[in-house]
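For reference, the structure discussed in these notes is given below.
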Amino acid sequence: MDGIMASAATGAMSSLLAKLAELLREDYQMQKGMRRDVAFLKDELSSMNALLERLADLEVLDPQMREWRNQVREMSYDIEDCVDDYMRRLRNGPQRPSGVMGFFLGHVQKVKELVTRHEIAEQIQELRDRIVEAGHRRKRYKIDDAVSFGGVKVVPVDRRLPALYAEFGGLVGINVPRDEVIKLVDDGVQGMKVVSIVGCGGLGKTTVANQVYRNIAEKFDCHAFVSLSQNPDMAMIFRSILSQVKKNEYDTTNSCDQEHLIRELRDFLKDKRYLIVIDDLWSTQSWKTIKFALFENTCGSRIIVTTRIGTIAKSCSSPQHDLVYELRMLSEDDSKRLFFRRIFVSEDKCPYQLKEVSTEIVRKCGGLPLAIITMASLLTTKSYTRADWLKVCDSIGSGLEKNGDVVEMNLILSLSYNHLPHHLRTCLLYLSMFPEDYLIKREYLVRRWIAEGFVSGNSGRNLEDEGECYFNELINRSLVQPVDYQYDGRVYSCRVHDMILDLITCKAVEENFVTVVTDKKQMLVSQGKVHRLSLDTHGLDNGSANPIVTTHVRSLNIFRYSEQMIPLSDFQALRVLDLDGNENLESCYLQDVGKLFRLRYLRIKASNITLPEQVGDLQSLVILDLLNCPNLGELPASIVKLRQLKWLLAPPVTLPDGVGNMQALESVSCITVDYTTSITLLQELGSLTRLRTLGLDWHINPLHKDRKIYEDNFVSLLGKLGSSNLQCLTLISPWSLDFLLDCWSPAPHLLQELGIKGWHLSKVPLWMASLTNLTYLDVEVKVRQETLQILGDFPALQFLKLYSSPAGPEERCLVISNNGFPCLKKFSFVGWVNMTFREGAMPVLETLEFQIIVHEMQTACVFGPPDFGISHLSALRNLVVTVHCEGSRIEEVEALEAAIQSAASMLPNNLTLALHRFLESEMVK
């Protein structure tokens, strides 16, 4: 799969066109008439696909254009389902026995094939007729002409006006960001500075910039405030700036071209101390044009830029300073104050019956000022009954509420959505599949996108890396909220703000892209067929007046299992199946899973489940995620039939022989190796040269008679994978792995992440010193001074977690020397050893987690500083210290804690400090 196979804009067109091309290219033994029809389908659909992409660029479509687009998009799904079925029948030719019986069955089969071919020919003719009719409608409605003229023309309204003219007395939570931005802007430096304010739509960037402008504008010789659109008229922008900086001296009827306006502006500003606010910047190209017009003098001029896009904020701000101000959501207290002020003047005047639901509504607004103001304005139209307010509360995030204020808010937030390229719109709309406040892990989401066909493989990157770029771009554009970060600064998990969820749910329903059914909310179904279905309900009554037609569902997310769920056999077109949060899921629900021949993705979360043998029939399966099935035990023998499988993710499980057939595998975790495991399996694993991630649970007792055979084959396996593509390796074992100390050759030169857990290595393996690309190391090893010296020389190491067994009395206190660990950002240490940090050690360390054994301080560490050198870690932001109290006196513990707190207070960053006492009850009285 090279290009994007599916999108909200064009439906299944890309995937369908690729399959039609394949049918024409390969020998599928088609009749001449059918081949001609397939060629016609491909040519007509290619033209329609191009038009669908052009329509997606128009913000407003007239009803005829919208209806034609919807019908063609639906047609693409229907045709692809038909083509899939046809290609499957042609590929899976009948297996006939020999002899008389084979002759008889062969005759019967030929008759069946004739009937089947006749049926398919009729289907293709019917589809051909539909396409011809769609082509006729395209001409009758003159859709191409309408697209050329840019669709329906709408006079835009500048929705930033309320922020520009807001009075200070009516604002909440503005003081801190206003003063912090003023501090960045008004610092007395003579050179020109550019300060960027970045944040999502509706967060108050314009309001903050305007308040800063009002406070400091008069300190400058001249000043201007201009707001941009997504496609700004630069000449108009320059005229606006000129009219403000020149005041009465500028002729507003000036019709000079852009080049002349730039020269005039530069000439006027070259010896002036000016302040210019560029509000709502959308592209770097616009910034380059504007910056060229603003003369960079040494008079102390200042430019303030507001934008929703992080990369643009960084590209605008002065490179020699950290001048990007990330505007934060309102605090809970400020959110309540703004909400209640808008409705009741103050919280005290809120009726008692509305206080609890009001708090929940404010929580759902997530500190977004626009959302709080919108909900407050909406509630002023409701009666003061708890039932009415609960309805509004439940509607948040569902896309159901159509009040004028909500529509206005969505129009503001839609600016960010409309500015996205098509593939990112698709990825964002897909997030409406997840429930409100759902924590979404990056790797999980990227795999879902890949399975859906949303990620392009044409960039030169692998699909995972390309999908992560999409994810980062949504974060960068402030459309998705990061929650947790990894050691290397990458976002580990995210959430969708309820107001963004409300917006994308509306659009997903309008585009018939996602259908959501929950217990709380009414069913969100457009008039078309259901393609992606998200069920967060205890039961689905498909015998109701408006039952869901499941035959066209391609993606199914079930967040809660019940015995009333529709059987899997009803989902004939399914490509993605995610059974999430179904702890009581029964194995019998999966008995028909083998019939889902199109399935590309299967994820199961269940406490007690057995994977059926029929899973081997899923010949299109690419991703199998069983990580949340803790009692799985083993996988069926048929698993080795899955030749397209790339990701096999599971808790420790045993695998059958035959894994060598699965040459597409790129990620496997976690395989149990014990004495029931055959040597053949280890040998076959070594042949999987595409493997990039491997997890092994090693249960070979070193005292067993066959230990050496297993160890030799294991070492051979690691050597083959290490010289291929292996990047991430996790080894877990209750037994010693010291046989790996010196024998991994050649060293795994591509290895980036390594974990060795469960048993302490006696020392750092020799081959580990050559891992120049290693960024992550989690290892249990007996830590000596020599160990730290070896690890400290790793050139790329960013994360280090060490577990150490008790050391000898001569090495109870170890020293991290200067220049050691040059790239390390997070260090976690657990062990019976104290550490001290020399000046210059770990220069970029941001997070430190370690323990201090108090009673060892007076003996082994008398030479070290009382704070263990923590004050030398100048980049430290997070410090977690566990104080081991056993055998120490309370005054010793308190003195140590005071020293650490004093050192932390002297560090330049806003350090977060957490002190914990361990075995406090064992202190000496």
Side-chain angles (χ1 to χ4, degrees), residues 594 602 609-619 621 624-627 629-726 728-741 743-746 748 755-759:
L602 175 60
I609 197 77
T610 301
L611 208 60
E613 281 289 336
Q614 290 89 334
V615 75
D617 295 333
L618 303 176
Q619 292 299 298
L621 199 65
L624 178 59
D625 185 346
L626 306 168
L627 285 171
C629 300
N631 301 311
L632 195 60
E634 63 180 8
L635 296 177
S638 64
I639 197 81
V640 299
K641 296 179 182 178
L642 303 179
R643 296 176 182 269
Q644 303 298 319
L645 197 68
K646 291 185 178 181
W647 286 270
L648 175 55
L649 312 173
V653 292
T654 57
L655 282 180
D657 291 347
V659 171
N661 296 325
M662 306 169 74
Q663 287 296 313
L665 278 173
E666 296 180 5
S667 180
V668 178
S669 65
C670 177
I671 302 173
T672 297
V673 178
D674 55 24
Y675 287 109
T676 65
T677 304
S678 72
I679 297 298
T680 302
L681 177 66
L682 293 178
Q683 294 169 345
E684 288 182 316
L685 282 173
S687 71
L688 304 178
T689 55
R690 293 185 181 180
L691 268 185
R692 292 186 289 119
T693 300
L694 176 63
L696 285 175
D697 193 8
W698 186 259
H699 281 265
I700 302 297
N701 189 324
L703 301 178
H704 195 278
K705 60 183 179 65
D706 293 329
R707 167 190 61 86
K708 190 69 168 60
I709 299 174
Y710 278 92
E711 290 179 354
D712 288 348
N713 279 276
F714 184 35
V715 170
S716 174
L717 149 71
L718 292 179
K720 292 175 182 176
L721 297 181
S723 60
S724 300
N725 291 296
L726 194 64
C728 304
L729 175 65
T730 302
L731 302 176
I732 305 170
S733 177
W735 307 107
S736 172
L737 293 172
D738 275 359
F739 68 90
L740 290 175
L741 289 179
C743 58
W744 193 341
S745 179
I756 302 177
K757 296 179 277 189
W759 185 269

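Each residue takes its place number in the sequence, starting with 1.
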Side-chain ([X]) to main-chain ([Y]) donor-acceptor, under 3.5 angstrom:
X    : Y    : value
S638 : E613 : yes
Q614 : L611 : no
Y710 : L682 : no
Y675 : N701 : yes
S716 : D712 : no

Pairwise distance [atom1]([X]) to [atom2]([Y]) - rounded to 0.5 angstrom:
X    : Y    : atom1 : atom2 : answer
M662 : L685 : CE    : CG    : 10.0 Å
I700 : N713 : CD1   : CG    : 10.5 Å
I609 : L626 : CD1   : CG    : 9.5 Å
N725 : L688 : CG    : CG    : 11.5 Å
L645 : L621 : CG    : CG    : 5.5 Å
L721 : T693 : CG    : OG1   : 11.5 Å

State, to 0.1 Å, how close [X] and [Y] come at their nearest heavy-atom pair, and which atoms those are.
X    : Y    : answer
P612 : P636 : O-CG, 3.7 Å
C629 : P651 : O-CG, 3.0 Å
L717 : G686 : CD1-N, 3.4 Å
S736 : D738 : OG-N, 3.2 Å
S724 : T689 : CB-O, 3.5 Å
G719 : P746 : O-CD, 4.4 Å

Next item on the list: Apply the test side-chain contact (heavy atoms from CB on, under 4.5 Å) to residues V673 and F714: give CA-CA distance (whole Å), side-chain angles for both, the deciding distance (0.1 Å), then the verdict.
Entry: CA-CA 10 Å; V673 178; F714 184 35; over 6 Å; no
Check: Residues in side-chain contact (heavy atoms from CB on, under 4.5 Å) with D697, at least two apart?
Finding: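 So D697 forms a side-chain contact (heavy atoms from CB on, under 4.5 Å) with P652, C670, T672, H699, I732.
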Next item on the list: State which residues pass side-chain contact (heavy atoms from CB on, under 4.5 Å) with E634; sequence neighbours excluded, sorted by chain then number.
Entry: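 Partners of E634 by the side-chain contact (heavy atoms from CB on, under 4.5 Å) criterion, ordered by chain and then number, come out as T654.
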Next item on the list: Apply the test side-chain contact (heavy atoms from CB on, under 4.5 Å) to residues K641 and Q619: give CA-CA distance (whole Å), side-chain angles for both, the deciding distance (0.1 Å), then the verdict.
Entry: CA-CA 7 Å; K641 296 179 182 178; Q619 292 299 298; 3.9 Å; yes
Could you tell me if the side chain of [Y] sits less than 4.5 Å from the side chain of [X], heavy atoms only?
X    : Y    : result
P748 : L729 : no
L624 : I639 : yes
I671 : T677 : no

Item checked: All pairs passing side-chain hydrogen bond (donor to acceptor under 3.5 Å, both in side chains) where residues 657-671 contributes a residue, at least two apart ->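 Sorted pair list: D657-S678, Q663-S687, E666-R692.
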Margin query: What verdict does the side-chain contact (heavy atoms from CB on, under 4.5 Å) test give for L648 and L642, after you've listed the backbone C-alpha separation in whole Å, the side-chain angles of each residue and the deciding distance to 0.1 Å?
Written below: CA-CA 10 Å; L648 175 55; L642 303 179; over 6 Å; no
Item checked: Over 12 non-hydrogen atoms of neighbours within 6.0 angstrom of CH2 in W744 ->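 Yes - once you tally the heavy atoms of other residues, nucleotides and ligands closer than 6.0 Å, there are more than 12.
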Next item on the list: Give the intermediate values and the outcome of side-chain contact (heavy atoms from CB on, under 4.5 Å) for residues L740 and I756.
Entry: CA-CA 11 Å; L740 290 175; I756 302 177; 5.5 Å; no
